[in-house]
Participant: 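Take this structure, written in structure tokens, and hold onto it; I'll ask about it next.
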Amino acid sequence: MISETERERLRAGLKQSARAVNAGTAEKLFLAEDCESRIKTSLENAASLYGTQIFYVPTMKELGEMCGIDVGSSCAVVLKADA
């Protein structure tokens, strides 16, 4: 799901992800299916406004591991190359 070239543009966590999606600078949004529904709904709505691709990961733990962090993450983004 995340290529090596995208890894350097990867940001994990709600604050960074929400900021990027709402600014239109996120290329991809990763959401954990087990995150709070208010977080999921809010980010899904913002992503649809800006045409950000959404990918779902089964658990917050798996998303955290995918991002290379030791804790779970509700969401993560890959920033656009020109952002």
Participant: Can you measure from CG (Leu10) to CD1 (Ile2) and round to the nearest 0.5 angstrom?
Facilitator: 4.5 Å
Participant: Can Ile54 be reached from Met60 by stepping across I, L, V, M, F, W or Y side chains whose heavy atoms are under 4.5 Å apart?
Facilitator: no
Participant: Return the CD1 to OG distance between Ile39 and Ser74, rounded to the nearest 0.5 Å.
Facilitator: 4.5 Å
Participant: What heavy-atom pair brings Leu31 and Leu43 nearest, and what distance separates the two atoms?
Facilitator: CD2-CD1, 3.7 Å
Participant: Which residue pairs satisfy the salt bridge (charged side-chain N to carboxylate O under 4.0 Å, His left out) criterion with at least one member in residues 40-57, sequence neighbours excluded?
Facilitator: none
Participant: Output yes when a side-chain donor or acceptor of Ser42 lies under 3.5 Å from a complementary backbone atom of Arg38, and no otherwise.
Facilitator: no
Participant: Looking at every non-hydrogen atom in both residues, tell me the closest pair between Ala76 and Ala12 and how far apart they are.
Facilitator: CB-CA, 3.9 Å
Participant: Would you name the heavy atoms of Leu63 and Ala32 that are closest together and state the gap between them?
Facilitator: CD2-N, 4.0 Å
Participant: Hey, what do you get for CZ (Arg11) to OG1 (Thr25), rounding to the nearest 0.5 Å?
Facilitator: 9.5 Å
Participant: Roughly how far, to the nearest 0.5 Å, is CD of Glu8 from CD of Glu6?
Facilitator: 10.0 Å
Participant: Can you confirm whether Lys28 sits close enough to Val77 that some side-chain heavy atom of one is under 4.5 Å from a side-chain heavy atom of the other?
Facilitator: no
Participant: Judged by atom type as modelled, is there a donor-acceptor pair below 3.5 Å linking the side chain of Tyr50 to the main-chain atoms of Asn22?
Facilitator: yes
Participant: Drop me the distance from Arg7's CZ to Met66's CE, to the nearest 0.5 angstrom.
Facilitator: 7.5 Å
Participant: Could you grab the distance from atom SG of Cys75 to atom CG of Leu14, nearest 0.5 Å is fine?
Facilitator: 5.0 Å
Participant: Is a donor on one side and an acceptor on the other found under 3.5 Å between the side chain of Thr52 and the backbone of Leu29?
Facilitator: no
Participant: What is the minimum heavy-atom distance between Asn45 and Ser48, and which atoms define it?
Facilitator: O-OG, 2.8 Å
